[in-house]
Protein chains: 2
Amino acid sequence: MKDLPIILYIANKAGLHGTLTSSTVLLAAELDISQQTVSRKLQELDEEGSIKKQTTPVGVTLSLTEKGKGKLRMLHGELQQILNQQTNIAGIVKDGLGEGKFYMSQEQYKQQFQSLLNFTPYPGTLNLAVDKNGAEVFLAAKKQLYVSGFQTKERTFGGLKCYPVLIAKKIVGAVIVPDRTTHTLETVEIIAAANLRSILKLENGKEVAIQ
Amino acid sequence: MKDLPIILYIANKAGLHGTLTSSTVLLAAELDISQQTVSRKLQELDEEGSIKKQTTPVGVTLSLTEKGKGKLRMLHGELQQILNQQTNIAGIVKDGLGEGKFYMSQEQYKQQFQSLLNFTPYPGTLNLAVDKNGAEVFLAAKKQLYVSGFQTKERTFGGLKCYPVLIAKKIVGAVIVPDRTTHTLETVEIIAAANLRSILKLENGKEVAIQ
DNA sequence: ATTACTAGGTTCCGAGTAA
DNA sequence: TTTACTCGGAACCTAGTAA
């Protein structure tokens, strides 16, 4: 749309249906363009039918036309669509390998989780089968935190990415994606402060939504 | 915001967080500007930090930066505020003068209502006491229809403005404002296909929301 | 095939000023 | 005071091309 700043200014000051009494000089100052440009642009917007302009001896009176309102509504709709994308996915509970429990018991991991997520994870992860593409989009939209790897005298523990999420609309947790993961994003691992399986009464095959 | 069309295009195609693989030639065709302009604008948007651009031998790979997303969100918020103004008010049921019933029984009114509103009003109006200013803003935001006056051999019936509304979240009706009204907008008259008092179980003093 | 530079034409902006 | 015209200069766009 053309000359959006001016239309937005009018809409803000006058409301969608009201009128704005002002002057080209004042508008110029507020919009940080010259009085001449304001004058010209108001003419153009009027001719093109986006606004209605009445010139008086003491200034101008402006309001949006249906066409102008329509443009704002269209733009709003477009933005709505862009911004309100996939913000949740569902996954099916499935068996993990019991590794999660071992990892989540490591003190170094636990400390990092506590400081990054403000909770210490229950020792054990919930594995969810999800749509791979859906999960990628979903996680891309989330804030990514990073838990670094470390070494003990026995072995090396890798780093992992970590995305805070809300599980089943009420429990704060996180999706974790180990750097060297055994499964792709077809499966997603979830941690939380409590045992999700028990407090959500989950069994294999049940569906859980995360957001 | 500068170069909104390009940012919107990327956001539409790639989503907020995804990446778009394309070429300046293709973008030029879709946006109806020259390849050179696309090339330059992508450089500018990249330098200014609204998008991230990677140039490959076969085209460009684009994604929005946090700054770019922020701009979209800000614009969206602004539009939200403008568009989602007062879209409902509440009123207290009160006694009318019984005139409504007489007017709504007039065949010429009934026919016009039917064609404008797609319902024939129940013979009688519901009077609601509302906040005057609130009502003005509310009605200003509604589509205004006009029912013209007419004459019979006995007398003259005036025209009236008519605003389709939803009553109590479920019943389609309309606010009517006679051209020569006896009350100001402190009281609002409502019509609907059915008897609102009975189907909503209303008595004087009860509150009704209209939107 | 790309991207993107240069050059020249067009559009746009705003200082000056008339009404 | 206004709005809005003229006109010179700045900004912007694209055809031609190099890489």
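We name chains A, B, ... by the order of the sequence lines, and we start the count at 1 in each one. These figures come from a predicted structure and were not determined experimentally.
Atom CD of Gln54(B) is separated from atom C1' of dT3(C) by 15 Å (rounded to the nearest Å). Rounded to an integer number of Å, the gap from Leu26(B) CG to dT2(C) C1' is 12 Å. When rounded to the nearest whole Å, the span between CG of Leu42(B) and C1' of dC13(D) equals 15 Å. As rounded to whole Å, 13 Å separates atom C1' of dA4(C) from atom CD of Glu44(B). Distance CD1 (Ile33(B)) to P (dA4(C)): 14 Å, rounded to an integer number of Å. Taking atom NZ on Lys53(B) and atom P on dT2(C), their separation rounds to 15 Å, with Å as the unit.
Residue Thr55(B) is in sugar-phosphate contact alone, with no base atom involved, counting any heavy-atom pair closer than 4.0 Å across all strands shown. Here Gln35(A) lies in heavy-atom contact (under 4.0 Å) with a base. Here Ser23(A) lies in heavy-atom contact (under 4.0 Å) with sugar-phosphate atoms only.
Leu126(A) pairs with exactly one of Ile191(A), Leu200(A), Val93(A) by the side chain to side chain contact (heavy atoms under 4.5 Å, CB included) rule, that one being Val93(A).
Using a 4.0 Å cut-off between charged nitrogen and carboxylate oxygen, Lys71(B) and Glu48(B) count as a salt-bridge pair. We find that Lys2(A) and Glu44(A) are joined by a salt bridge, their nearest charged nitrogen and carboxylate oxygen being less than 4.0 Å apart.
Between Phe150(A) and Phe157(A), the angle of the ring planes stays under 30°, which puts this pair in the parallel group of the 30/60° scheme.
Comparing Gln36(A) and Pro57(B), the nucleotide of DNA chain C nearest to each residue sits closer to the 5' end for Pro57(B).
Under 4.0 angstrom from either OP1 or OP2 of dC13(C) there lies at least one side-chain N or O belonging to Lys41(A). Taking only side-chain nitrogens and oxygens, Thr37(B) comes nearer than 4.0 Å to OP1 or OP2 of dT14(D). Applying the 4.0 Å criterion to OP1 and OP2 of dC12(D), one finds that Arg40(B) has every side-chain N and O outside that range. At least one side-chain nitrogen or oxygen of Gln43(B) sits closer than 4.0 Å to the OP1 or OP2 atom of dC5(C). Proximity of Thr24(B) to the phosphate of dT3(C): a side-chain N or O atom is located under 4.0 Å from OP1 or OP2.
Between His76(A) atom NE2 and Leu83(B) atom CG the span is 5.5 Å, to the nearest 0.5 Å.
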